[in-house]
There are 2 protein chains.
Amino acid sequence: MSAQASTQPRKIEIREANQALILEAAEKIFAMNGFRGAATSDIAREAGIPKANVHYYFKTKEDLYREVLRHILNDWMSAASTFEAHNDPAEALRTYVKAKMEFSRNRPYGSRVWAREIMSGAPVLEDFLGTTLKTWLRERSRIIRAWIREGKIKPVEPQALLYMIWATTQHYADFERQIIILNNGKKLSNRSYRQRTEQLVELVLGSVGLNGGVKGKGQCPKDKSA
Amino acid sequence: MSAQASTQPRKIEIREANQALILEAAEKIFAMNGFRGAATSDIAREAGIPKANVHYYFKTKEDLYREVLRHILNDWMSAASTFEAHNDPAEALRTYVKAKMEFSRNRPYGSRVWAREIMSGAPVLEDFLGTTLKTWLRERSRIIRAWIREGKIKPVEPQALLYMIWATTQHYADFERQIIILNNGKKLSNRSYRQRTEQLVELVLGSVGLNGGVKGKGQCPKDKSA
DNA sequence: GTCTATAATCTGATAGAC
DNA sequence: GTCTATCAGATTATAGAC
């Protein structure tokens, strides 16, 4: 009891501040090089903290890696939870795509750590994928099938749709470098990114037979006899 | 002269066979761990060749890595070239999505090496992205804009559409492990994969206002007053 | 061309003075 | 709690016998 009660606040603050610094640096370095390719010395340098202290706060590189993934999972799941904010398919899909795009914008490193972890065979995320995510996917698929049954959207395979949304939104984080190069070396501005998000929403809505707020030309297939 | 003319065929065959073995192994190991995370000893073991011989055929790890990327680029580009096989948007998009999905199925390791290279800042692919790919993207965007002008497809931002196709098709290679886990630990069968490809084609066509061969319910937006 | 042995460097982790 | 010094093992690459 006394140990916990009497712990000096200042020391706790230092600890938490340093841990936060290290976690942020680690996310960036793991995003850049993956678990095996990342050196703790790189993480220490990025965090501006001596390497020995990194090992003081996180016993092993793997412990640190798991902690980084845990933080990412939290934010990923909170984006995922927006899916059921609305009953209307258009609103639900729009909200979800937006949340995923915001995650990609705000946590690009986190997204890349995730991607690298999966590409390495998901040794750490395996449990999460097989339990929480699997359940999430099953429940969301059920919702989508209900929309189809009620005639609210076109008949599509729920998994194909959800994978498309995941892949496309995460692409803006994971392939940011490629997108920048193709955009003449300039990062997408906040404005461009918001527009792109809207364009994506329209594409996704169109893919299930809904057409959001397209004003211009017809959304129904034209007679395309060229 | 004599040097080249008299080179023994058998030795050349050995060289080419070993180089092919090493390249194949390297693609797999680089896909798993990225450039920095991959050890040449791992590559040698995977290829069933002594480590020293790997360095005999490829002077440095970086040389080998560049060579692996070069091979991937070739195949990537030949999938890309299918885009203009048809004038009709529906046929062009269908053919392209199929080609990309086949690439993901046949070269999953290559796809992952590419993804990791980009996530590492594209140090090697930078030139290719800024020249060949940029040109490709610009020309394909022009084609898509022409389709829109001619009223053949809905007005969409070409880049948003192409990125969606890239991201989604590559997802099936890069996130294969996740897809397997979500599929109860089973890899998608050839049949499932072909079906999924068709479902994707339908989603993509729908996203630009075309509706492929959907027989069932209406493709035009229903009155969705729930 | 093959492959064992080894050089030179890097990496994760810890000890121990402050 | 901080940080220099250092160890043990791994990693890239090469030398040199076969």
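Chain identifiers are assigned alphabetically (A, B, ...) following the order of the sequence lines, protein sequences preceding nucleic acid strands; residue numbering begins at 1 within each chain. All heavy atoms count here, side chains included; hydrogens, waters and symmetry mates do not.
- Residues satisfying the side-chain hydrogen bond (donor to acceptor under 3.5 Å, both in side chains) test with B:Thr169, not counting sequence neighbours, are none.
- For the salt bridge (Lys or Arg N to Asp or Glu O under 4.0 Å) condition, the pairs that include at least one residue of residues 127-140 of chain B, sequence neighbours left out, are B:Glu84-B:Arg140.
- Under the ring-ring contact (aromatic ring centres under 6.0 Å, His included) criterion, A:Phe175 pairs with A:His171, not counting sequence neighbours.
- Every residue two or more places apart in sequence or in another chain was checked for a salt bridge (Lys or Arg N to Asp or Glu O under 4.0 Å) with A:Glu102, and none qualifies.
- Protein atom OH of B:Tyr65 is 15 Å distant from nucleotide atom P of D:dA13, rounded to whole Å.
- Under the ring-ring contact (aromatic ring centres under 6.0 Å, His included) criterion, B:Phe58 pairs with no residue at all, not counting sequence neighbours.
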Checklist entry - Could you run down nucleotides 2-18 of chain C 5' to 3' and tag each one B, S or - for protein heavy-atom contact under 4.0 Å? => result SBB------SBBB----
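- Atom CD of A:Glu16 is separated from atom C1' of D:dG1 by 15 Å (rounded to the nearest Å).
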